[in-house]
Amino acid sequence: MPPNVLLLGIQGSGKGTQAKRIASEYDSPHVATGDILRKAIDDGTPLGRQVEDILARGELVPDATMIDLIRERLTESEGFVLDGFPRTMAQAEALDDMLAEIGRPLDVVFVLQVPDDVARERLAKRAVEEGRADDTPDAIDTRIATYHRETEPIVEHYRARGSLVPIPGTGTVEEVFRQIQDALEQVAVRQ
Ligand code: AMP
């Protein structure tokens with residue numbers, strides 16, 4: 001069975017890159033809410049029009065919208081690598097309920113740890129390379145502050161449950177992935 005993985009970490013922590021690696025190595029679909037929202041914006045769907053300005057400012061899309069979106073995806077997939085959701089305690093509680101309902105508990109919750117200044121530098125670099133609409137200095141500041149205020153409490157929530165595996169995110173992509181792999185192998189042994 002592909003594992004059910006949740007990845008937490010500030011924007012610029014390398015979360016998206018690692019999530020893609022895990023998804024391809026372990027055959028678990030990569031469910032990245034930021035990517036889903038950006039595609040909706042590019043496609044000009046009603047959801048895209050609703051969230052476009054919110055993303056550009058670096059603020060959070062309302063919980064109810066995100067919870068509906070995720071419910072659809074998770075019931076469709078076998079195993080998952082969740083990237084970008086949950087971002088608030090309300091989302092985390094909704095996720096826990098949803099997973100209990102469908103009988104697919106999280107196998108592991110990773111948090112990629114990088115200092116704010118490293119995250120800020122990486123995001124500034126990505127702004128030049130990829131030209132993402134929300135990589136402006138103001139939106140980056142908002143996203144970092146929002147992470148500390150809204151998302152960090154989730155890290156403690158999963159730590160208290162014993163499913164949290166902190167990973168230093170400052171190494172190379174390969175080094176970070178190797179540590180993730182080690183932790184996933186231990187999960188597989190326990191299953
Ligand atoms: P990301 O690609 O994960 O950095 O997400 C880009 C943007 O999409 C965020 O800054 C938010 O505006 C929005 N977004 C993505 N996931 C969520 C979520 N779970 N809750 C609220 N907003 C989200």
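Along the sequence shown, the residues carry numbers beginning at 1. One-based numbering, in listed order, for ligands and for the atoms of each.
Atom numbering of ligand 1 starts at 1 in the shown order; those under 4.0 Å from a heavy atom of Met66 are 16 (N), 17 (C), 18 (C), 19 (N), 20 (N), 21 (C). Near Glu59, with a cut-off below 4.0 Å to any heavy atom, the atoms of ligand 1 are 11 (C), 12 (O). Using a 4.0 Å cut-off to heavy atoms of Gly84, the atoms of ligand 1 that qualify are 16 (N), 17 (C), 18 (C), 19 (N). Atom numbering of ligand 1 starts at 1 in the shown order; those under 4.0 Å from a heavy atom of Arg38 are 2 (O), 6 (C). Close approach to Leu37 involves these atoms of ligand 1, each under 4.0 Å from a residue heavy atom: 8 (O), 13 (C), 14 (N), 15 (C). For ligand 1, the atoms sitting less than 4.0 Å from at least one non-hydrogen atom of Arg132 are 1 (P), 2 (O), 4 (O), 6 (C), numbered in the order shown with element in parentheses. Near Phe85, with a cut-off below 4.0 Å to any heavy atom, the atoms of ligand 1 are 19 (N). Listed by number with element, the atoms of ligand 1 under 4.0 Å from a non-hydrogen atom of Asp134 are 6 (C).
In terms of protein heavy-atom proximity, atom 7 (C) of ligand 1 is nearest to Leu55 CG, 3.6 Å. Closest to atom 22 (N) of ligand 1, if we only count protein heavy atoms, is Val61 N, 3.1 Å.
For Leu99 against Leu106, the heavy-atom pair with the smallest separation is CD1-CG, 3.7 Å.
Taking 4.0 Å as the cut-off between side-chain N and carboxylate O, Arg71 and Asp68 count as a salt-bridged pair. Salt bridge absent: Asp42 and Arg38 never bring a charged side-chain N and a carboxylate O closer than 4.0 Å. Using a 4.0 Å cut-off between charged side-chain N and carboxylate O, Asp134 and Arg57 make no salt bridge. For Glu156 and Arg159, the salt-bridge test passes: some basic side-chain N is under 4.0 Å from an acidic carboxylate O. Salt bridge status for Arg143 with Glu150: absent, with no side-chain N to carboxylate O gap under 4.0 Å.
Counted within 6.0 Å of CD on Glu121, heavy atoms from surrounding residues, nucleotides or ligands total 12 or fewer; the atom is thus considered open. Residue-environment remark: CD (Glu25) exceeds the threshold of 12 foreign heavy atoms within 6.0 Å.
With atom 1 (P) of ligand 1 as the reference point, the heavy atom nearest to it among Arg143, Lys15, Arg87, Glu52 is part of Arg87.
Considering backbone and side-chain atoms together, Gln91 places an N or O closer than 3.5 Å to an N or O of ligand 1.
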